[in-house]
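Take a look at the structure below.
None of these values were measured; they are calculated from a predicted model. Residue numbers begin at 1 in each chain, while the letters A, B, ... track the order of the sequences.
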Protein chains: 2
Amino acid sequence: MNFAPLLSYIENHISLTEDERLFLQSKIKLRSYLKGQFIVQQGDVCNTTNFIVSGCTKMFHADAEGMEHIVMFSEENWWSSDLGSYISQAPADYNIQCTEPTKVIQFSYQNQEELFEKIPKLERFFRIILEKALVASQKRIVRNFSLPAKERYLYFKEQYPTIEQRIPQYMIASYLGITKEFLSKIKSQLILKQ
Amino acid sequence: MNFAPLLSYIENHISLTEDERLFLQSKIKLRSYLKGQFIVQQGDVCNTTNFIVSGCTKMFHADAEGMEHIVMFSEENWWSSDLGSYISQAPADYNIQCTEPTKVIQFSYQNQEELFEKIPKLERFFRIILEKALVASQKRIVRNFSLPAKERYLYFKEQYPTIEQRIPQYMIASYLGITKEFLSKIKSQLILKQ
DNA sequence: AAAAGAGGTTAATCTAGATTACTATTTATT
DNA sequence: AATAAATAGTAATCTAGATTAACCTCTTTT
């Protein structure tokens, strides 16, 4: 069981004693998923928060017409869960599906209170993580309104160069809120200009 | 000095001892702004987190062409700050301007660590608030992609009925990511259908 | 090696929403 | 009461990006 990536990630933000580290490890689990498997499915309750050790996931919402809208990709050293479902233990609005074979470390809802009680510093850790995620999410809302699709694509490439390599283009189009045909057009325009 | 609205808001999520309540009160400040005044201006560092006691604010980004993009409105019992600027103490990307005379309770960046150290439960409180805000923000990203402007407007009216009353239409259009002319068209279509 | 599937490209046509420009209203200001 | 600002509404024209419908790779499966 290799919890090292999570521990070093956590210890970038707070420091843990040896006892705390052991207690934390006793309360989390490693789990492997195959490519295509779902960590959460829309309609089910999401009762884990997942830290990605290796692999990649997409979080998406399927709308009334069955169209997929990708909200985020998560790769190594990032989180993947339907937070809304997790915190209120209500049916999920999103699906989380592995785009590759993926290993995650799972925090379960049942163990969460106990973890926070025994290691209050974890509240701080998650507070900090959430602050960063909220900032990124708010910035994305503005970008989606203020930038045309081509600029959003360039921004995406710059910010997430590793994700573009491992994800098919049609999913990137969905993340950007455009069709795959239009993304293809943008790419050919960019090639012509160089 | 009336800190009651903040205290009762906090005590919906965690409970404070009398000492903690007094310490908290010693570290926060009430401040009044006139209509039109800025709590933060794009480019400045945001060093307060503001809890709104009365009034209303808009948070917006002015893009390269000077166009305003409204990210959120905040009214009584909600928060208003450029979180990205606050947590990293870097120049703000957003402006926060009062759309009415507004009274806020301010948490300063300088006092924040001390508050968290003396009252660790506040970490939990902010963790919970941030979770909710992040969920709302992610849902908005999906709505912006999956719903046409008319549906987004109807959703806004339903979710924030009190805000529509106190904010001019052209600002609501900006929040929805459409022009004021198009919002006007949507409204007249809705009236015809009834 | 043929067929099927998954991913990507191109081009014609269509539409939600932007832009421009002008006309009311409503609210402050003198 | 008159004038100037702000706020709203309407209508014609325009465009970013959607839709549809081809075709073109590669892989994978049989």
Side-chain angles (χ1 to χ4, degrees), chain A residues 34-37 56 58 60 63-70 73 97-101 141-157 163-194, chain B residues 34-37 56 58 60 63-70 73 97-101 141-157 163-194:
Chain A
L34 300 174
K35 177 174 173 169
Q37 280 193 312
C56 187
K58 62 170 172 169
F60 67 97
D63 69 20
E65 283 81 42
M67 279 275 297
E68 285 193 9
H69 301 276
I70 296 181
F73 299 109
Q97 189 177 16
C98 301
T99 60
E100 301 174 10
I141 290 174
V142 176
R143 277 199 309 277
N144 288 348
F145 280 145
S146 60
L147 300 180
K150 190 194 282 183
E151 307 302 319
R152 294 197 316 263
Y153 170 61
L154 290 170
Y155 184 87
F156 171 79
K157 274 176 63 128
I163 288 185
E164 209 197 1
Q165 256 65 60
R166 63 207 293 189
I167 291 286
Q169 250 183 66
Y170 72 93
M171 289 187 194
I172 292 170
S174 169
Y175 174 87
L176 294 172
I178 58 178
T179 58
K180 58 185 165 42
E181 291 84 356
F182 193 58
L183 178 53
S184 182
K185 198 170 172 179
I186 286 171
K187 290 187 86 169
S188 65
Q189 279 174 12
L190 289 170
I191 290 163
L192 283 177
K193 275 191 187 163
Q194 300 291 14
Chain B
L34 300 174
K35 177 175 174 169
Q37 279 192 311
C56 187
K58 62 170 173 170
F60 67 97
D63 69 19
E65 281 82 43
M67 280 274 298
E68 285 193 10
H69 301 276
I70 295 181
F73 298 109
Q97 189 177 16
C98 300
T99 60
E100 302 174 10
I141 289 174
V142 176
R143 278 199 308 278
N144 289 347
F145 281 146
S146 59
L147 301 180
K150 191 195 280 182
E151 307 302 318
R152 295 198 314 265
Y153 171 61
L154 290 171
Y155 183 89
F156 171 79
K157 274 176 63 123
I163 288 185
E164 209 196 1
Q165 257 64 60
R166 64 208 290 189
I167 292 285
Q169 249 184 66
Y170 72 93
M171 289 187 195
I172 291 170
S174 169
Y175 174 87
L176 293 172
I178 58 178
T179 58
K180 57 188 168 35
E181 291 84 357
F182 193 57
L183 178 54
S184 183
K185 198 170 172 180
I186 287 171
K187 291 187 85 168
S188 65
Q189 279 172 13
L190 288 170
I191 289 162
L192 284 176
K193 275 191 185 162
Q194 300 292 13

Extract from the structure each pairing of a protein N or O with an N or O of nucleotides 28-30 of chain D at less than 3.5 Å, listing the distance.
none

Note: B/Ser146 and A/Asp63 closest approach over all heavy atoms is CB-OD2, 4.2 Å
For A/Gln169, the side-chain hydrogen bond (donor to acceptor under 3.5 Å, both in side chains) test, sequence neighbours excluded, returns none
Heavy-atom protein contacts under 4.0 Å, nucleotides 17-27 of chain D, coded B base, S sugar-phosphate only, - none: BSBBB------
Looking at B/Gln169, I'd like to know whether one of its side-chain N or O atoms comes within less than 4.0 Å of OP1 or OP2 on D/dG9. yes
Indicate yes or no: at least one non-hydrogen side-chain atom of A/Phe60 is less than 4.5 angstrom from one of A/His69. no
List the residues meeting side-chain hydrogen bond (donor to acceptor under 3.5 Å, both in side chains) with A/Tyr153, not counting sequence neighbours, and say none if there are none. A/Glu164
Nearest-Å distance, CD1 (B/Ile191) to C1' (D/dA8)? 12 Å
Between the two ends of the helix from C/dA1-D/dT30 to C/dT30-D/dA1, what is the bend in degrees, rounded to 10 degrees, where each end axis spans five pairs? 40°
Residue set satisfying salt bridge (charged side-chain N to carboxylate O under 4.0 Å, His left out) with B/Glu151, at least two apart, ordered chain then number -> none
Just the rounded figure in Å: distance from P of C/dT9 to CG of A/Leu190. 12 Å
Side chains of B/Lys35 and B/Pro101 in contact at under 4.5 Å (non-hydrogen atoms): yes
Is there a donor-acceptor contact under 3.5 Å from the side chain of B/Gln97 to the main chain of B/Gly36? yes
In whole angstroms, how far is the P atom of D/dT7 from the CD atom of B/Gln165? 17 Å
Using whole Å, what does the distance between atom C1' of nucleotide C/dT25 and atom OH of B/Tyr170 come to? 16 Å
Over all atoms of both residues, closest heavy-atom pair of A/Ile178 and A/Ala149: CG2-CB, 3.7 Å
For A/Leu147, is there any backbone N or O sitting under 3.5 Å from a side-chain donor or acceptor partner on A/Arg152? yes
Please report, rounded to the nearest Å, how far the P atom of C/dG8 is from the CD1 atom of A/Ile167. 11 Å
I would like to know whether A/Phe145 and B/Asn144 meet side chain to side chain contact (heavy atoms under 4.5 Å, CB included); could you show each step before the answer? CA-CA 9 Å; A/Phe145 280 145; B/Asn144 289 347; 3.5 Å; yes
Side chain to side chain contact (heavy atoms under 4.5 Å, CB included) between A/Ile163 and A/Phe156: does it pass, once the steps are laid out? CA-CA 9 Å; A/Ile163 288 185; A/Phe156 171 79; 3.9 Å; yes
